[in-house]
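Inspection log for the structure reproduced underneath, given as structure tokens.
Numbers restart at 1 for each chain; the letters A, B, ... are given by sequence-line order, proteins then strands.
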Amino acid sequence: MSTKAKIATIGQYVDQEVLLEGWLWNKRSSGKIAFLNIRDGSGFIQGVVAKEDVPEELFALAKGLSQETSIRVTGKVRAEERSPIGYELTVTGIEVVSRTEDYPITPKEHGVDFLLDHRHLWIRSPRQRAILKIRAEVIKGMRDFFDKNGFTQVDPPILTPSSAEGTTNMFQTEYVNGENAYLSQSGQLYMEAAAMALGKVYSFGPTFRAEKSKTRKHMNEFWMIEPEMAYVEHAENMQIQEALVKHTIKHVLDNCPQELKAIQRDTAPLERVVNEKFPIITYAEAVKILQEKGHDFPYGEDFGAPHETELTNHFDLPVFVEKWPANIKAFYMQPDPEDNSVILGADLLAPEGYGEIVGGSQRIHDYELMKERYAEHGFDESYNWYLELRQYGSVPHSGFGIGLERTIAWICGIDHIRETIMIPRTLYRLYP
RNA sequence: UCCUCGAUAGCUCAGCUGGUAGAGCGCCCGACUGUUAAUCGGAUGGUCACAGGUUCGAAUCCUGUUCGAGGAGCCA
């Protein structure tokens with residue numbers, strides 16, 4: 001009986017006979033030799049079956065295997081220079097667990113529509129597997145940062161009453177008592193309550209937006225990490241964001257070399273992000289840069305995708321854009337004491353055309369000012385609890401939200417965020 | 001919601017000013033001892049998205065519909 005092994009750690013078993021449990025990803029054969037490309041979830045390895053070395057039935061079986069047939073393969077691990085992973089398996093036995101007929105996804109090219117319709121199978125492909133592995137490490141790296149820096153994870157509710165920021169873009173459902181309920185589009189307001197209880201907190205969970213957005217940067221269900229910190233003000237908020245991003249990227253560079261290679265990510269720009277200080281510019285300076293570069297961009301508007309790309313190309317690093325005009329940002333953002341018309345908040349724009357990945361700000365902590373904002377926006381009683389946070393021991397506090405999928409898309413260098421999650425939920429696509 | 005583009009074999013696509021359907025790949029059969037999107041030979045494979053219209057004749061032209069993709073707005 002052979003030892004069970006995993007491809008990821010196959011190097012431990014050189015010159016030993018092992019058992020691999022997996023699937024046939026691809027096959028090439030000639031009259032006297034067959035190459036089986038085997039995957040087991042942990043990686044890919046090539047198995048070799050030479051006609052003269054094995055019983056006739058085994059060679060015939062190997063030649064007849066179809067793509068994605070599940071197999072238990074025994075064989076001897078061999079160091080092999082020609083292999084991308086450095087090892088090959090000299091196959092001595094194959095047990096077919098379940099034969100596959102007519103697997104739809106071939107190693108050849110396919111269109112987006114076809115692949116998305118077969119997303120449940122597409123994730124078996126080397127590239128998709130690598131992206132999902134990197135996603136897991138991005139999450140791990142972020143949690144690691146928060147846990148090492150005194151944050152406590154808190155989980156805000158997903159079912160919420162009407163939103164303080166309006167409900168037009170929210171998924172509506174009926175609550176048990178017949179009231180309208182909405183799927184959360186941000187846990188931030190609740191996280192502010194948590195910060196007053198635990199100091200430094202972060203949430204990590206799915207968030208839902210019923211926006212009819214149809215771009216490579218949008219999904220209707222995505223994951224967000226939302227830290228909130230008591231006694232932290234604007235400048236420190238940005239420092240923490242920068243440290244988080246650097247730590248996360250370093251974690252991926254250290255832990256996913258194989259996966260980054262599999263998706264052919266050029267890691268030089270990422271190493272630069274780890275080693276260099278992120279520039280901070282004000283919104284006004286950003287507008288000036290755009291105008292100098294020939295954009296007809298008026299002060300007071302939000303940036304579009306080409307503007308964000310222009311700004312980050314200018315620095316070739318993630319860039320904080322701070323002190324935005326208050327009227328284009330959320331009601332809860334703290335005004336700059338030096339200029340009431342702008343707020344103490346910043347967006348972090350990722351380089352290489354990836355755009356906004358973080359939005360953060362210092363929050364209004366003054367009770368009277370928050371009451372004014374409530375009046376201006378006509379908020380109802382369902383968010384009185386949020387106002388109460390300013391009545392009972394209010395302190396300066398800040399927080400931010402980082403979009404998990406946008407961050408992963410950037411780190412992986414892929415052009416559409418739908419590949420960063422197992423089953424993407426985009427406009428017009430609720431299947432599979 | 002708006003703008004742009006698209007839908008032909010299992011997949012990726014070609015099909016000209018209208019004349020009755022093509023290639024490559026996959027599957028299947030055969031050849032080949034180092035392939036790695038293997039290669040070579042053969043065979044199979046179609047309600048040309050749907051519904052109307054124009055015409056002797058429509059994959060092709062016109063109208064509408066459905067579905068999808070890219071982008072705008074909004075955001076992470």
Side-chain angles (χ1 to χ4, degrees), chain A residues 25-38 44-54 59 63-64 66-68 78 80-85 88 90 100-118 121-122 125-127 165-166 168-170 185-188 205-226 241 301-308 328-330 347-350 354-360 400-410 415-418 420-421 426-429 431:
Chain A
W25 168 242
N26 197 8
K27 180 192 68 184
R28 289 167 294 279
S29 68
S30 68
K32 292 177 182 166
I33 191 164
F35 300 100
L36 307 178
N37 196 213
I38 301 156
F44 292 77
I45 192 170
Q46 179 161 277
V48 182
V49 191
K51 191 174 185 181
E52 63 178 22
D53 298 338
V54 300
F59 188 72
K63 277 202 84 164
S66 57
Q67 194 193 358
E68 280 305 307
R78 185 163 45 73
E80 171 58 65
E81 273 182 12
R82 288 170 286 191
S83 160
I85 63 164
E88 275 188 349
T90 304
T100 291
E101 302 290 350
D102 299 322
Y103 185 69
I105 299 180
T106 69
K108 295 281 180 175
E109 59 189 332
H110 295 287
V112 171
D113 190 30
F114 177 81
L115 288 171
L116 286 171
D117 280 345
H118 296 83
L121 303 175
W122 187 21
S125 307
R127 178 181 167 79
E165 294 185 71
T168 49
N169 289 331
M170 300 185 83
Q185 61 172 6
S186 166
Q188 184 206 309
T207 181
F208 307 90
R209 305 230 173 137
E211 294 161 356
K212 297 201 170 171
S213 301
K214 213 177 138 19
T215 81
R216 66 186 70 197
K217 289 178 183 171
H218 290 85
M219 289 192 294
N220 295 287
E221 178 181 313
F222 64 98
W223 288 62
M224 199 157 53
I225 298 90
E226 293 182 286
Q241 291 168 42
E301 278 187 23
D302 206 347
F303 302 126
H307 306 122
E308 291 180 349
I328 58 169
K329 285 290 179 183
D347 285 357
L348 180 63
L349 308 180
Y354 285 93
E356 184 182 352
I357 55 167
V358 182
F400 60 95
I402 179 164
L404 179 63
E405 286 80 10
R406 285 187 182 176
T407 304
I408 295 166
W410 166 44
D415 71 350
H416 203 301
I417 60 168
R418 64 187 161 212
T420 64
I421 189 165
T426 54
L427 190 61
Y428 307 135
R429 197 173 276 282
Y431 175 89

Could you work out the separation of [N] and [M] based on their [atom1] atoms and round it to a whole Å?
| N | M | atom1 | value |
| --- | --- | --- | --- |
| B:U4 | B:A23 | C1' | 29 Å |
| B:C61 | B:C48 | C1' | 16 Å |
| B:A9 | B:U60 | P | 15 Å |
| B:C11 | B:G19 | C1' | 30 Å |
| B:G41 | B:G26 | P | 12 Å |
| B:C28 | B:G34 | C1' | 26 Å |
| B:A58 | B:G15 | C1' | 14 Å |
| B:C29 | B:G6 | C1' | 37 Å |

* Asked: A:E226 and A:Q188: side-chain donor and acceptor closer than 3.5 Å?
  ->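 No pair is found: no donor N or O on one side chain lies under 3.5 Å from an acceptor on the other.
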
* Evaluate the ring planes of A:H118 and A:F114, with Trp represented by its six-membered ring, and classify them as parallel (under 30°), tilted (30 to 60°) or perpendicular (over 60°). =>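 Aromatic pair A:H118/A:F114 classed tilted.
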
* Ignoring the backbone of A:E308, work out which of B:C75, B:G34, B:A69 is nearest its side chain. =>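 For the A:E308 side chain, the nearest candidate turns out to be B:C75.
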
* Check every atom of B:G73, B:C75, B:U12 against the side chain of A:K212 and return the nucleotide holding the closest atom. =>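 Shortest atom-to-atom distance from the side chain points to B:G73.
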
Can you check whether [X] has a side-chain N or O nearer than 4.0 Å to OP1 or OP2 of [N]?
| X | N | result |
| --- | --- | --- |
| A:N26 | B:A38 | yes |
| A:H416 | B:G70 | yes |
| A:K108 | B:A37 | no |
| A:K214 | B:A69 | yes |
| A:R28 | B:U35 | no |
| A:R418 | B:G68 | no |

* Rounded off to whole Å, could you give me the CG-to-P distance for the A:D102 and B:A9 pair? =>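 The distance from CG of A:D102 to P of B:A9 comes to 17 Å, rounded to the nearest Å.
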
* Asked: Which whole-number value in Å describes the distance from A:I328 CD1 to B:G73 P?
  ->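 From A:I328 CD1 to B:G73 P: 12 Å.
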
NZ/NE/NH1/NH2 to OD/OE distance under 4.0 Å, [X] and [Y]:
| X | Y | answer |
| --- | --- | --- |
| A:K217 | A:D415 | no |
| A:D53 | A:K32 | no |
| A:R429 | A:D117 | yes |

* Asked: Quick one: on RNA chain B, does A:Y428 or A:Y103 contact a more 5' nucleotide (nearest heavy atom)?
  ->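 That would be A:Y103.
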
* Asked: With nearest nucleotides of RNA chain B determined for A:L115 and A:I33 from heavy-atom distances, which residue corresponds to the more 5′ nucleotide?
  ->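 Checking each residue's closest nucleotide, the 5'-ward one belongs to A:L115.
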
Answer yes or no: side-chain N or O of [X] and base N or O of [N] forming a donor-acceptor pair under 3.5 Å.
| X | N | result |
| --- | --- | --- |
| A:T106 | B:C11 | no |
| A:H110 | B:C11 | no |
| A:E109 | B:G24 | no |

Searching all strands shown, indicate the nucleotide that pairs with [N] (Watson-Crick or G-U wobble; both distances under 3.5 Å).
| N | result |
| --- | --- |
| B:A69 | B:U4 |
| B:U36 | none |
| B:C50 | B:G64 |

* Asked: What is the glycosidic conformation of B:U47: syn, defined as within 90° of 0, or anti?
  ->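 What B:U47 shows is a syn base, its glycosidic angle lying within 90° of 0.
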
* To do: Take A:T100 and A:Q67, measure what side chain to side chain donor-acceptor pair (under 3.5 Å) needs, and give me the verdict at the end.
  => CA-CA 7 Å; A:T100 291; A:Q67 194 193 358; over 6 Å; no

